[in-house]
Amino acid sequence: ETSVLARDGGDGVMVKYLDAFFSSQIRTGCVADGIAAAEAEAAYADWRKRLVHPHFGLNTFFIAQNGAAKGGIRIGPTVEALLRNDRAVSVATAFSLAALLRYLTPVEEGKNGVYRGRMDAITKSDAAASDGTTIMYADGLHYNLAERWYEFQCSCSLAMPQEDGGAAPGLNLAEALLRATPGFSSPSHPATDIKETINAYLQSPEGGKLADAKQDNGYEALTTAVCYLYTKMTYEKKSALQILEDMVEKRGVYEENGFKTPCSLLSLRQL
């Protein structure tokens with residue numbers, strides 16, 4: 001639940017991330033689009049106060065429903081504003097999109113439109129709080145903390161590039177992410193390229209809604225940075241929290257700027 005954000009006095013790694021995401025990206029995008037900084041700051045302060053309240057307690061699986069669309073609705077406008085006004089897009093934004101795609105990555109073929117995902121390792125306190133019960137968080141959708149799995153639905157359709165230069169519509173995002181995972185493709189379900197999949201998601205009208213931004217300076221670096229972080233979370237099995245901790249502590253590629261590290265720097269590290 002979101003009550004986890006109240007731990008450490010509301011000053012844990014996830015809250016530090018949210019603060020940095022707002023201050024360096026969302027507020028910057030708002031101001032670039034003509035919204036007063038004070039207005040943006042007041043809205044965030046009000047939302048933050050409720051979010052870190054120990055009894056706010058919304059179920060994060062419930063919130064994550066329609067996650068693919070929320071990437072375009074909640075994050076897309078900030079990306080567009082930053083790119084359109086030639087402002088730097090940082091790893092804070094790339095992380096939000098990579099984490100969303102990580103959540104929508106199944107570990108097996110879907111059944112009747114329902115997919116099963118795999119959680120990162122949970123903390124000892126969370127494990128102790130779980131009694132092993134499978135819980136229904138929405139109609140027909142369940143999760144089990146002890147067994148580290150969750151169910152989700154994904155209706156986002158992608159137009160994947162073809163060898164002739166065209167695009168083949170209709171491939172489900174979750175299905176494309178699964179096929180990009182080593183060992184999950186087959187002759188009837190050919191492998192997909194992860195960067196092409198991420199690019200198709202970012203441009204999908206049912207996903208990132210960034211088709212109009214693809215020619216802007218910084219779009220390619222953003223796509224590559226999302227791919228870099230997604231690869232860390234999936235193929236290299238580094239947890240999202242570990243990546244956030246690297247950013248907070250300014251380790252490795254983030255050593256100079258932390259959350260403000262530009263996406264272009266990660267693009268230099270990509271495959």
Side-chain angles (χ1 to χ4, degrees), residues 1-26 47-48 51-54 56-65 67-68 70-71 74-75 90-107 116-130 135 137 143-152 177 181 194 198 222 225-261 263 265-266 269-270:
E1 294 187 347
T2 54
S3 57
V4 69
L5 297 175
R7 295 178 183 173
D8 302 320
D11 192 39
V13 63
M14 286 187 286
V15 176
K16 288 178 180 177
Y17 164 68
L18 292 174
D19 287 344
F21 188 20
F22 169 75
S23 63
S24 69
Q25 298 286 268
I26 297 174
W47 178 75
R48 186 189 190 280
L51 190 64
V52 300
H53 192 284
F56 188 49
L58 291 179
N59 184 289
T60 50
F61 291 106
F62 185 84
I63 295 171
Q65 291 182 95
K70 287 177 179 175
R74 309 295 190 196
I75 305 171
S90 77
V91 296
T93 294
F95 176 88
S96 69
L97 293 164
L100 174 60
L101 292 170
R102 160 67 181 86
Y103 178 80
L104 294 172
T105 300
V107 295
R116 178 170 289 200
R118 180 76 171 169
M119 300 178 202
D120 290 337
I122 61 176
T123 64
K124 291 182 179 179
S125 58
D126 286 334
S130 173
I135 298 173
Y137 70 88
Y143 68 88
N144 188 304
L145 291 180
E147 298 176 3
R148 294 170 50 199
W149 59 263
Y150 57 92
E151 294 172 335
F152 66 92
L177 291 171
T181 304
I194 188 55
I198 290 173
L222 169 65
V226 174
C227 186
Y228 175 91
L229 290 169
Y230 176 83
T231 300
K232 292 288 183 184
M233 296 176 190
T234 52
Y235 308 155
E236 298 184 24
K237 300 190 183 305
K238 188 168 188 175
S239 75
L241 278 178
Q242 287 176 319
I243 293 173
L244 285 183
E245 288 167 356
D246 285 345
M247 293 179 181
V248 168
E249 300 298 330
K250 295 186 176 181
R251 293 192 289 250
V253 69
Y254 316 108
E255 64 182 348
E256 291 188 10
N257 297 298
F259 288 119
K260 294 181 180 180
T261 301
C263 287
L265 190 56
L266 288 195
R269 299 290 189 94
Q270 183 55 302

Ignoring hydrogens and geometry beyond distance, is a side-chain donor-acceptor pair present between Tyr235 and Thr181 at under 3.5 Å? no
Just so I know, are the side chains of Pro106 and Phe152 near enough to count as touching, which here means a heavy-atom distance under 4.5 Å? yes
Quick one: does Val91's side chain get under 4.5 Å of Leu266's, heavy atoms only? yes
SG-CG distance between Cys263 and Leu222, expressed to the nearest 0.5 angstrom: 5.0 Å
Starting at OG1 of Thr93, measure out to CG of Leu229 and round the result to the nearest 0.5 Å. 11.0 Å
Quick check: closest heavy atoms across Ala68 and Leu100, and the distance to 0.1 Å? N-CD1, 4.5 Å
Any side-chain heavy-atom pair from Met14 and Val4 closer than 4.5 angstrom? yes
With sequence neighbours left out, which residue pairs that include part of residues 249-261 fulfil the side-chain hydrogen bond (donor to acceptor under 3.5 Å, both in side chains) condition? Asp246-Arg251
Please test Phe259 against Ser90 for side chain to side chain contact (heavy atoms under 4.5 Å, CB included), starting from the C-alpha separation and ending with a verdict. CA-CA 7 Å; Phe259 288 119; Ser90 77; 5.7 Å; no
Check: Tyr103 side chain, Ala98 main-chain N or O, donor-acceptor pair, under 3.5 Å: no
Are the side chains of Phe21 and Lys16 in contact, using a 4.5 Å heavy-atom criterion? no
Got a salt bridge between Arg102 and Asp120, using NZ or NE/NH1/NH2 to carboxylate O under 4.0 Å? yes
Residue pair Pro54 / Ala6: nearest heavy atoms and the distance that separates them: CA-CB, 3.7 Å
Just by distance, do the side chain of Gln242 and the backbone of Ser239 share a donor-acceptor pair under 3.5 Å? yes
Take Tyr150 and Met119, measure what side chain to side chain contact (heavy atoms under 4.5 Å, CB included) needs, and give me the verdict at the end. CA-CA 7 Å; Tyr150 57 92; Met119 300 178 202; 3.7 Å; yes
Salt bridge (charged side-chain N to carboxylate O under 4.0 Å, His left out) with Arg116: which residues, sequence neighbours excluded? Glu151
Worked verdict on Tyr17 versus Val248 for side chain to side chain contact (heavy atoms under 4.5 Å, CB included): CA-CA 8 Å; Tyr17 164 68; Val248 168; over 6 Å; no
Heavy-atom side-chain proximity of Tyr230 to Leu177 below 4.5 angstrom: yes
What's the separation between atom CZ in Arg48 and atom NE2 in His53, rounded to the nearest 0.5 Å? 13.5 Å
Would you check if the side chain of Lys70 reaches a backbone N or O of Gln65 as a donor-acceptor pair within less than 3.5 Å? yes
Would a 4.5 Å heavy-atom cut-off, applied to side chains only, mark Leu18 and Leu51 as touching? yes
Pair Arg148, Arg118 - check side chain to side chain contact (heavy atoms under 4.5 Å, CB included), show working. CA-CA 6 Å; Arg148 294 170 50 199; Arg118 180 76 171 169; 3.8 Å; yes
Whether Tyr137 side chain and Tyr143 backbone form a donor-acceptor pair below 3.5 Å: no
In short, Ile75 meets Ser96 closest at the heavy-atom pair CD1-OG, 3.5 Å
Do Phe61 and Ile135 have side chains that get closer than 4.5 Å, going by heavy atoms? no
